[in-house]
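None of the values given here were measured: they were computed from a predicted structure. The chains referred to below are lettered A, B, ... by the order of the sequence lines, with proteins before strands, and numbering in each begins at 1.
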Amino acid sequence: MREMVAFVLESAGYRVIEAEDGVQGLDRATATTVDLVITDQNMPNMDGLTLVRSLRELRDYKSVPILLLTTESSDSMKSQGRAAGATGWLVKPFDPATLLEVVQKVLR
Amino acid sequence: MKQDTMGSTDAKDAERAADLLVTVATTLNERLAVTTHELARSQDLLREASDELMTAFRGAADRIVAAQRGEAESGGEKATEYGLVLDHLYRAVQHLQSHDLVNQLIDAQKLRVGKMREKLEEALSLATPPVTQPHQAERWIERSRAMLDCIVAGIRQIDEDPREPRGDKHSAGSVDLF
């Protein structure tokens, strides 16, 4: 899944930094500030919501858009995402064109 | 004397019923063990196939993107053609994500089967200690009832499994911006 997202974004000209799970994602995000974070919810070691909360505690990530791309589609999960500080919630499988539209929108 | 014989007959019937329950639980547990193995094997095959497919896809896609950029920079005529190929690859992206969802469904099934097997094993463990007062039918009936309760509890917890994927076709691909 990560490779699919990376391919779509790179083909549109974005530079992508990949991470295997939430812990690695947090490490990479603190090592270098990025313009946008896209994370899954179900990941080993640290889930997406925990990653969002952890990132929002960092000064550099107070206003960086964070999108959750996941198979979870319940309203309660979306509410948790919103409360955690996520910018948006996308349900898999994603349509590449829609993903690029959303990315452009949140980066404006 | 007659009553004793009748009581003994009832106890024998109840013992046979308990034995039958053990046979059913054992057989079901063995079948579920095979299912567990097959699910794990399916997941391995799916993982291997999707890894290979993804590597090939990514290799081809990266080359197309690089070629399209090269053509666009040099004002070549093939940039549009490469764009069309990319459109096809984009369409493939949506379907290539299926393995992820199928994997999650298999995980959910493995969890269900695993929980059921745990309860069957628990039920079978109830059949192991010798029955006190085996000549009394009630003792065998109590044992059968305890085993059945255990099996029913296993079936109930399958339905209560919160880790089942909640995604459905209606919400797939949906976007919510907060």
### Query
Heavy-atom distance under 4.5 Å to chain B: side chain of A:Val102, backbone, both or neither?
side chain
### Query
Is there a donor in the side chain of B:Gln43 and an acceptor in the side chain of B:Asp107, or the other way round, less than 3.5 Å apart?
yes
#### Entry: Side chain, backbone, both or neither of B:Arg91 within contact of chain A (heavy atoms, under 4.5 Å)
neither
### Message
Just so I know, are the side chains of B:Leu101 and B:Gln97 near enough to count as touching, which here means a heavy-atom distance under 4.5 Å?
### Response
no
### Message
Using heavy-atom distances under 4.5 Å, tell me whether A:Leu67 contacts chain B through its side chain, its backbone, both, or neither.
### Response
side chain
### Query
In terms of heavy-atom pairs under 4.5 Å, which option from A:Lys105, A:Met77, A:Glu3 contacts chain B the most?
A:Glu3
### Message
Listing request: all ring pair (Phe, Tyr, Trp, His ring centres under 6.0 Å) pairs with a residue in residues 26-83 of chain A, at least two apart in sequence or in separate chains.
### Response
none
### Query
Between the side chains of B:Thr26 and B:Asn29, is a donor N or O closer than 3.5 angstrom to an acceptor N or O?
no
### Query
Which pair of non-hydrogen atoms, one from A:Trp89 and one from A:Gly81, has the smallest distance, and what is that distance?
CZ3-CA, 3.8 Å
#### Entry: A:Ile66 versus chain B, the contacting section by heavy-atom distance below 4.5 Å
neither
#### Entry: Structural part of A:Val106 lying under 4.5 Å from a heavy atom of chain B
side chain
### Message
Taking side chain as everything from C-beta outward and backbone as N, CA, C, O, which of these in A:Thr98 sits under 4.5 Å from a heavy atom of chain B? Side chain, backbone, both or neither.
### Response
side chain
### Query
Can you tell me how far the CG atom of B:Asp62 sits from the CZ atom of B:Phe57, to the nearest 0.5 Å?
9.5 Å
